[in-house]
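Accompanying notes for the structure given below.
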Protein chains: 2
Amino acid sequence: MPSSPRRATLATVAASAGVSVATVSKVLNGRSDVSPATRSLVQSLLQQHDYVAPAPRREPPGLATVELQFDADLNAYSTEIIQGAVAAGAEAGIGIVVSIRSGTARTTAWARQLVAAGRRALIAVTGELTSGQPAALARARLPLVLIDPLNLPRTRVTSIGSTNFAGGLSATQHLLSLGHRRIAYIGGPPAAACNQARLHGYRAAMEAEGAPVLPGYVRSGHFRYHDGMASGAAVLDLPHAPTAIFAGCDEVAVGVMEAARARGLRIPEDLSIVGFDDTQIAQLTSPPLTTVRQPLREMGGVALRTALRLAAGEKVDSHHVELATELVVRGSTAPVPDRG
Amino acid sequence: MPSSPRRATLATVAASAGVSVATVSKVLNGRSDVSPATRSLVQSLLQQHDYVAPAPRREPPGLATVELQFDADLNAYSTEIIQGAVAAGAEAGIGIVVSIRSGTARTTAWARQLVAAGRRALIAVTGELTSGQPAALARARLPLVLIDPLNLPRTRVTSIGSTNFAGGLSATQHLLSLGHRRIAYIGGPPAAACNQARLHGYRAAMEAEGAPVLPGYVRSGHFRYHDGMASGAAVLDLPHAPTAIFAGCDEVAVGVMEAARARGLRIPEDLSIVGFDDTQIAQLTSPPLTTVRQPLREMGGVALRTALRLAAGEKVDSHHVELATELVVRGSTAPVPDRG
DNA sequence: CGGTCATGTCGAAAATGTTTCGATGAGCTG
DNA sequence: CAGCTCATCGAAACATTTTCGACATGACCG
């Protein structure tokens, strides 16, 4: 059949099917008043004629969305990221779709579905990527931005983080400057890049000061309250217990606080604690938590803007951006007690 | 202006603007061959006539979305709601777009924009509605579900809450059963329906037990840490200070805890505290907070499913649904100290 | 058996919105 | 002033959806 110069319309299909235009329209819209026989006839002819919906109507102004995906249940950290992304999205007229990663079946199909649903980009927070996923997303033309990725795959992906090394350094220096020498580090997953950087910052500060990292002083686990409590208990029960603990995140710090209280230790008189993140809970503890502020809202905002630039086809300046951390001194740190 | 029985069409607007249908169509589609004067004239008339795009065409294949709007910065409470809505959305194949309410300019235009962007419904959390807003949303055919609304407008809107009265009752009864008689209530905004219900539950329990509500024992403010600390301080400095405090939410409870600690009071030995919500922070305090669990995740999920039913044109069983609250006893409450 | 009624299919015509293309007139140029 | 260009606008053609009535069919009833 000679390809007609003009695109097929309902009229074309209707004529070749021997039905009215209205009937073809009904088939397209899944109306009920079409007999199954007619329906399937029309459908096959629609395919034969390569019928495609006409004029993609008015592109609605606010349709664009970006998917913000978390790896696990939301917590205080997630909340700050969401807040930042939502605020930046509002400025750009972009909606933020929050999702929680579940058993990822087929990445390729999933990515295509997201694109079809209008997502302009995907921001994955603290996620673990298999090596094939960036490729699948690229095939679907879905830009990817990572926030605090657990692992960095070999392929070039864009990621946002903060100066974890500097943060770990300054937290530890703060404790050292208060006279502490026996300082422990209770961190997160050993494989996580951000955890490693914080740990190295801690080690660097200790080494520079000539303070020894005693055996059992470096712990890992998850960035969760219960891990903090368990690791805190273990460290405090050491024969040479520390006088200060640097926790890998605020939630862990709160767990450490609880372990300390259970042992009758006063904070900060008997034990100093520094957290990391400066989420809302850092201000709710008693005493308020000294912590390394990670600009989580800004990170959410930067991730969104970066994602939009990628979606617009622009090049980004750098594959990895780190925002500055900052030590926030509150009430959970004090000079080392007289008798260590 | 009398609402016409039929929806406004391009022809309606064109007639009232004194231009052709084609011109109005061009304005809608942002074509260039319309003079600025005509364009703005038509645009204002489009608004006046509440023109909404007709037949939502064959729906795009992708996932539909529902807007989840918060009234202020996100906190632990918001996080639970988001989590519940996202989980329920994943099951239904619906994306959750989180947004934070900002200076709402023109509700009507905003609602239309949401519809155009593919939102199936709007869930507003703890928001304050002006009386015109439900009408504007209805005109745009955007179903509305409220979670814990501050005020209920006269018009019928669908809302989700929890049994605040029963929660206030059981929290207070718990304290009474521990022997407390001097119990204060530190709540949220006086006008908020949920706050009033909790307060009345408190009063009912006190009255049933014959325990007097002493002067100054009922405080209001916002549901925030600092309000809790300020009101807690005020109550604890009364000549007849309470032996127990029922706080209107967990964050306020944490503020009260801090005020108590600043006065050298031990919790729970010297002062019992009960919170409300059972957000994540209730488990992070020291001691862990006794609180009234509000099923926030379930509320988020129910709100989403209700919104989807409304969007599908189904009737909902009831305009207001309340999920059950439940007292969760942890470590912040204890029998009244020997010498009241 | 004939009449009536409900139901399922279908299309003509009306409605709605978009696009094309020619008409109009203002402003500019020579 | 003739002639040209260009922005603006609407009539008409188009594409699609919706409404409503027509028709056939079969069930049910007297």
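Naming: A, B, ... by sequence-line order, numbering from 1 per chain.
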Whole-Å gap separating C1' (D:dC20) and CZ (A:Arg31): 14 Å
Along DNA chain C (nearest heavy atom to each residue), the more 5'-positioned of A:Ala22 and A:Pro36: A:Pro36
Any A:Thr23 side-chain nitrogen or oxygen under 4.0 Å from OP1 or OP2 of C:dG11: yes
B:Tyr51 vs C:dT16: side-chain N/O to OP1/OP2 distance below 4.0 Å: no
Sugar-phosphate only, base, or nothing, as touched by B:Val19 at under 4.0 Å among non-hydrogen atoms: sugar-phosphate
Modelled atom types, side-chain donor and acceptor of B:Thr163 and B:Glu322, under 3.5 Å: no
Per B:Ser35 side chain, nearest of listed nucleotides C:dT9, D:dC9, C:dA12: D:dC9
B:Asp33 CG to D:dG10 P, straight-line distance once rounded to whole Å: 11 Å
Between C1' of C:dT18 and CG of B:Asn29, the distance in whole Å: 7 Å
Per A:Lys26 side chain, nearest of listed nucleotides C:dT9, D:dC9, D:dT18: D:dT18
Pair B:His49, B:Ser16: side-chain N/O donor-acceptor within cut-off below 3.5 Å: yes
B:Asp33 and B:Arg39: CA distance, side-chain angles, deciding distance, salt bridge (Lys or Arg N to Asp or Glu O under 4.0 Å) verdict: CA-CA 10 Å; B:Asp33 59 343; B:Arg39 184 184 303 275; over 6 Å; no
Sugar-phosphate, base or nothing in reach of A:Val24, heavy atoms under 4.0 Å: nothing
Min side-chain heavy-atom separation B:Leu144-B:Thr158 under 4.5 Å: no
A:Thr38 side-chain N/O to C:dC10 phosphate OP1/OP2 under 4.0 Å: yes
Value in whole Å for how far the C1' atom of C:dT16 lies from CG of B:Leu10: 7 Å
Nearest listed nucleotide, side chain of B:Ser25, among C:dG17, C:dT18, C:dC10: C:dT18
